[in-house]
Amino acid sequence: MGSLRRTHACGRVTKALVGSEIVVAGWAHRRRDHGGVIFVDLRDREGLVQVVFKPEVARAAHERASHVRSEWVVLVRGVVEHRSPETVNPKLATGEVEITAHELRILNSATPPPFAIEEDSGAEETVRLRHRIHDLRRPPLQRALHLRHLVFQSARRTLTDLGFFEIETPILAKSTPEGARDFLVPSRLQPGSFYALPQSPQILKQLLMISGFDRYFQIARCFRDEDLRADRQLEFTQIDLEMSFVGVEDVLPVLEELVVRVWREAGGIELAHPFPRISYEEAMRRYGVDKPDTRVLLELVDLTHVFRETELRAFRSAVEQQGIVKCLPIHDASALSRGEIDRLEAFVKKELGGRGLAWARIGEEGAWQSPIAKFLSERERSEIVGRTEARPGSVLFFAADEPAKANAILGRLRVDLGRQLGRVDGRAWAPLLVLNFPVFERDEEGGFTYMHMPFVAPVEEDLPLLETEPERVRGTHYDVVLNGVELGSGSLRNHRSDVQRRIFEILGYSKADAEERFGFMLNALDAGAPPHGGFAFGVDRLVMLLAGAESLRDVIAFPKTQRGQDLLLDSPSFVSAAQLDELSLRIVPREGET
RNA sequence: GGGGCGGUAGUUCAAUCGGUUAGAGCACCGGCCUGUCACGCCGGAAGUUGCGGGUUCGAGUCCCGUCCGCCCCGCCA
């Protein structure tokens, strides 16, 4: 490079610079060699600019330029000039100008790229992940990671403005028995003992509240050793925050302000606020999910009581086994063909694990066209029609199953069909606060388990229910939902150890169990814990939404595949016997393996 | 753990019913070309058809196993 330093970014060369000598550096995006004049599109983070090499202007530079290939790294000194009107390129931000090169320095050659460094490379994801360096040079990834940066900066600014301190917590943390599977890190100094990577900084941030930090936030890396999905990675990032001396109504405005400012500052989007609110119970009832996309206008109807004594055995047995019967009515549904309905039924059975999908089409004069019609009494049919407001042209879908399953099936169909049939309200963004999640839910054995985590504080007036009907205890838990995607969740936490102990009891921990597993937490609460509560945003999903991406992998610089591998680094990988030895570890082959 | 889709040149795809030497675009290499911008023209090189086994006179194609990628269920405070 010598002593020459770049003076301008390629993508920022404008008409204002015409006539001046500048130095740019970047990657040779494309070379067009006309034998005489040679054009090189030079690319950097900011964009492309055309460099012209003319033999009569700079013989040596022109000669050198003929050797330049795609992705070579070069530095150019030249003069910015207007393009003649017929050679202006309107597709390029810098297309009205070009740089006439006086000097070319080749800083590095490069192997040919495995695919085109373009908006859409056309390459398969395996190839893209293996060649992540080239993939990251593509504009969509450059934009996504820039967006991520803007999100972080906006969040930091906003939370700082609101009086939060940014405090780090350990990555080498401790395994706790609840929640997801831990990633373990063997300790060399304590042979046989393990750290766990944090699933979230939950406990530590509560300890920080007890320590008096009042308002904390952190851009925290979290680790959960569970199977991956398009929207789930082994490691992910949260904007984590916690506040002292607050109730729910003090936390929610902070979350709203954060989301509104991030969308404004990182995305240039004004979100309507305050955000609409809905209870967990209402969300499940009307939409079948706890994170409804409220832009979709279709809604579910509960028909359980209609079928208590029905002749239709599948429905009655579902109701008898504490299940529910729900209906997704779609009016004016002539666009839904019989073939489409059959396809949906197959989809429900195969993909969603449903027993089936009952349906009915209401014909002219209200005649039922339906495989279940003959099992339904006059009264049942008229009650269904009344409840669903069905009319000629309506199609009704029914799910009779345990509540979670029936809701999951119809909740999914609601969104799929709503989008497919255009039953949407036209908004680009639909933020929503979901409130009052229950503290407990029943587990498979009929006992209680926590719905989100064991530290969620009950709503104050429901505290007496802890002794009588734990199932009905509403929690202070809240979710922020955008377009049917959960951006994050939070709650007030139990700051009184007696309430926390009672909850452990209901969860089935003995006193000794609770002491052993959470003794340090209970002691900490007793050390003068203020009322506190907080929240954590899933940044990756948030950026995915803002970027309009389909997968978390498109907003993370170096993501892992569905099997948890990094195809670029080729991790995870075996380690040397010496390393294992130092950690007092031995690899034991699994049954059936050699 | 389960269901589904996929894997052929660097890359994106094609290859009839199981049948000649596995083809094409782009990329790559060489040559020509002074206004292109997906430059153009001429020529060239490029393959363990993911891997292993089987059926067959003959397998990219059929069968079995396995590996890898993606989507989903389970799982994920």
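Numbers restart at 1 for each chain; the letters A, B, ... are given by sequence-line order, proteins then strands. Below, each value reflects all heavy atoms present in this structure, side chains not excepted, and no hydrogens, waters or symmetry copies. None of these values were measured; they are calculated from a predicted model.
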(request) Report yes or no: is there a donor-acceptor pair, N or O only, under 3.5 Å between the side chain of A/Glu124 and the base of B/U11? (result) no
Within residues 563-572 of chain A, the residues having a heavy atom closer than 4.0 Å to RNA chain B are A/Arg563, A/Gln565
| task | Considering just the side-chain nitrogens and oxygens of A/Thr87, establish if one lies under 4.0 Å of OP1 or OP2 belonging to B/U36. | result | no
Look at all strands and tell whether A/Glu550 reaches a base, only sugar-phosphate, or nothing, counting heavy atoms closer than 4.0 Å. nothing
Would A/Ser491 and A/Arg493 count as having a side-chain donor-acceptor pair, cut-off 3.5 Å?
yes
- Task: Determine whether the side chains of A/Gln238 and A/Gln218 contain a donor N or O and an acceptor N or O closer than 3.5 Å.
- Result: no
A/Arg412 atom CZ is separated from B/C73 atom C1', nearest whole Å, by 11 Å
Taking any heavy-atom pair under 4.0 Å as a contact, classify A/Ala116: base, sugar-phosphate, or nothing. nothing
**Prompt:** Contact class for A/Arg553 vs. all strands (heavy atom < 4.0 Å): base, sugar-phosphate, or nothing?
**Reply:** sugar-phosphate
* Taking the six-membered ring for Trp, does A/Phe39 stack with B/U36 (centroid gap under 5.5 Å, planes within less than 30°)? -> yes
- prompt: Under 3.5 Å, is there an N or O donor on one side and an acceptor on the other linking the side chain of A/Arg32 and the base of B/C33?
  reply: no
Answer for the Watson-Crick or wobble partner of B/C37, both distances under 3.5 Å, is none
query: Which part of the nucleic acid does A/Gln562 contact within heavy-atom distance under 4.0 Å: base, sugar-phosphate only, or nothing?
result: base
In whole angstroms, the gap separating P of B/G69 from CZ of A/Arg229 amounts to 15 Å
Hey, can you pull the donor-acceptor pairs under 3.5 Å for the side chains in residues 96-104 of chain A, sequence neighbours left out?
from     : atom 1 : to       : atom 2 : distance (Å)
A/Glu98  : OE1    : A/Gln50  : NE2    : 3.0
A/Thr100 : OG1    : A/Glu81  : OE1    : 3.0
A/Glu103 : OE1    : A/Arg77  : NE     : 2.8
A/Glu103 : OE1    : A/Arg77  : NH2    : 3.1
A/Glu103 : OE2    : A/Arg105 : NE     : 2.7
A/Glu103 : OE2    : A/Arg105 : NH2    : 2.9

Review point. With a 4.0 Å cut-off on heavy atoms, is A/Ser200 in touch with a base, just the backbone sugar-phosphate, or nothing at all?
Key: base
Next on the checklist: Taking any heavy-atom pair under 4.0 Å as a contact, classify A/Asp225: base, sugar-phosphate, or nothing.
Outcome noted: nothing
message = Between B/C37 and A/Arg30, counting only base atoms on the nucleotide and side-chain atoms on the residue, is there a donor-acceptor pair under 3.5 Å?
response = no
Under-4.0 Å side-chain N/O to phosphate OP1/OP2 contact, A/Lys405 with B/C73:
no
Margin query: Any base atoms under 4.0 Å from A/Lys54, or only sugar-phosphate, or nothing? Heavy atoms, all strands.
Written below: base
Open item on the list: If only side-chain N and O atoms count, and only distance matters, is there a donor-acceptor pair under 3.5 Å linking A/Asp182 with A/Gln199?
Closed with: yes
Are A/His34 and the base of B/C39 stacked, counting only ring centres nearer than 5.5 Å and planes tilted under 30°? yes
Rounded to whole Å, CG of A/Asp554 lies from C1' of B/G69 at a distance of 14 Å
